[in-house]
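Both backbone and side-chain heavy atoms feed into the values below; hydrogens, waters and symmetry mates do not. Remember, it's 1-based here, ligands and their atoms both numbered in the order they're listed.
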Amino acid sequence: MEKKNIDWANLGFGYQETDKRFVANYKDGAWDEGALVSDAKVVINECAGVLQYAQTCFEGMKAYTTEDGHIVTFRPDLNAQRMEDTCKRLEMPVFPKERFVQAVVDTVAANEAYVPPYGSGATLYIRPYMFASSAVIGVKPADEYQFRVFTTPVGPYFKGGVKPLTIKVSDFDRAAPHGTGHIKAGLNYAMSLHAIVTAHAEGYDENMYLDAATRTNVEETGGANFLFVTKDNKVVTPKSDSILPSITRRSLMVVAKDYLGLEVEEREIPFEEVKEFAECGLCGTAAVISPVGKIVDHGNEIAFPSGMSQMGPVTQKLYDTLTGIQMGRIEAPAGWIHVIK
Ligand SMILES: *Cc1c(COP(=O)(O)O)cnc(C)c1O
C-alpha cells in the first residue's frame, strides 16, 4: 500500500479530506446496510433536527501503525458503548455496537494510505457521529438519522516537545447535575466555545470547570478529564455524574494500578485539595496526557512542583506506558488493541 505524500511530522490537528467515509441511514425504524462512499458532502433538509435543535452526537478515536507494521485502534468497543449511552439520552436510535466497530474498521482500512507510519508521531483520527436528518419544527425527536464515520490524519500533539499547560478556573459551568455532561452530545461543545475563546483571550490554554451545584469540586476541562498525582504517588481522578467518562482516563487508571503498581482513587476532589498535589494532567484521545503546569483561580496561582518545562515523573511513566501499549511496544491487556490489518 502506497502512502500519501504527506509531511506527517508537520501535520497539525485539522480536518483533511480522505478518500472514503462510511454512511448509514435510519428510516422507518431501521438502519440500512450502509456503505463506504467518496462524497464528503452531506445533503439534508433545511429543517433537519440537527440544524434546529442540535440533535447530534459524536465519538473520537485514533488508528495507529504499530512497531511491527499493523494498523490498530484502541478499545473501540468502549466508544461504541459510549455512543449508545449518548444516543439513548438524546432520544436517537442506537447504531449497534458490532456494526459501529465494523464501520470504524472498514473506514480506516479504506483510508489506509492516510494512516501515518510508525514513529512519525502522527495518527489517523477517526470521527464517528450521528445526527437527526429529517425535518422537525415542533420540538421532538426526528424520525430519520444518519450515522457516519470519517477519518483525517493528525500530527503529533506535542510538536517540538512537551509544554505544560496553564489553565484557569472558569467562571462558566460546563454541565449541570442530571444534565448532559456525561454524554458526547454536540450541544455540550457549542456552549463551551464562549468559555474557551474567553480563556484563550486571557492567555490560558484551557478551562478547569468546577461542579455547577456547589462550585467546590473539580470536574474536567472542555474536552479532557483530570488526573492528579499526590505527593505520595497516588493517582487520583474526580468522580462525578456530570463528567464525560474518558476512555483514556479509564485506561490510564488501569495502567497506574496494574503496570506501575500505584494506588488509584476515583473520588470527589475539592478544589481546595488541588494545591496539595504533585502533578496534574489532562487525559483524552488527542494527546493521551497533557501535563498541567499551573492552575490560576482568580489571581491565585497553583504551580505544580513538576514545573513548566516537562511532565511530572509519574505522568511521564503513565504516558510512556499507555502510548507503548497503543504502539505495540508493551503488551496490552486483553481486548485493548483491535487489529485492523
Ligand atoms: C471526548 C472527551 C474526553 C476524552 O475522552 P476520551 O475517550 O479519552 O477521548 C473528556 N472530556 C470531554 C468533555 C470529552 O468530550
Within ligand 1, which atoms have a heavy atom of Gly222 less than 4.0 Å away? 13 (C)
From CA spacing to verdict: side-chain contact (heavy atoms from CB on, under 4.5 Å), Glu206, Leu282: CA-CA 10 Å; Glu206 270 296 345; Leu282 300 180; 4.1 Å; yes
Could you list which atoms of ligand 1 come closer than 4.0 Å to a heavy atom of Glu220? 10 (C), 11 (N), 12 (C), 13 (C)
Can you list the atoms of ligand 1 that are under 4.0 Å from a heavy atom of Gly223? 2 (C), 3 (C), 4 (C), 10 (C), 11 (N), 12 (C), 13 (C), 14 (C)
Do Tyr189 and ligand 1 have an N or O pair less than 3.5 Å apart? yes
For residues 302-320, dump all side-chain donor-acceptor pairs below 3.5 Å to protein atoms at least two apart in sequence or in another chain.
unit_1 : atom_1 : unit_2 : atom_2 : d
Thr315 : OG1    : Glu279 : OE1    : 2.6
Gln316 : NE2    : Asp320 : OD1    : 3.1

One finds that the ligand 1 atoms under 4.0 Å from a non-hydrogen atom of Asn225 are 10 (C), 11 (N)
Is the shortest N/O to N/O distance between Arg249 and ligand 1 below 3.5 Å? no
So, Arg127 and Thr151: side-chain donor and acceptor under 3.5 Å apart, yes or no? no
Could you identify the single nearest non-hydrogen protein atom to atom 1 (C) of ligand 1 and state the distance to 0.1 Å? Lys184 NZ, 1.4 Å
Polar contact flag, side-chain donor to acceptor under 3.5 angstrom, Thr152-Gln16: no
Less than 4.0 Å between a side-chain N and a carboxylate O, is that true for Lys341 and Glu112? yes
By number and element, which atoms of ligand 1 are closer than 4.0 Å to a non-hydrogen atom of Ala224? 10 (C), 11 (N), 12 (C)
If we only consider heavy atoms of Arg174, is any one of them less than 4.0 Å away from an atom in ligand 1? yes
Check: Arg215/Tyr209 side-chain N/O donor and acceptor closer than 3.5 Å: no
Aromatic rings Trp336 and Phe74: how do their planes relate, parallel, tilted or perpendicular, breaks at 30° and 60°? perpendicular
Do any N/O atoms on Thr221 end up under 3.5 angstrom from N/O atoms on ligand 1? no
What part of Arg82, side chain, backbone, both or neither, has a heavy atom within less than 4.0 angstrom of ligand 1? side chain
Students should be able to answer this: which protein heavy-atom is nearest to atom 9 (O) of ligand 1, and at what distance? Thr285 OG1, 2.6 Å
Check the surroundings of atom CG in Asp258: do more than 12 heavy atoms from other residues, nucleotides or ligands lie under 6.0 Å from it? yes
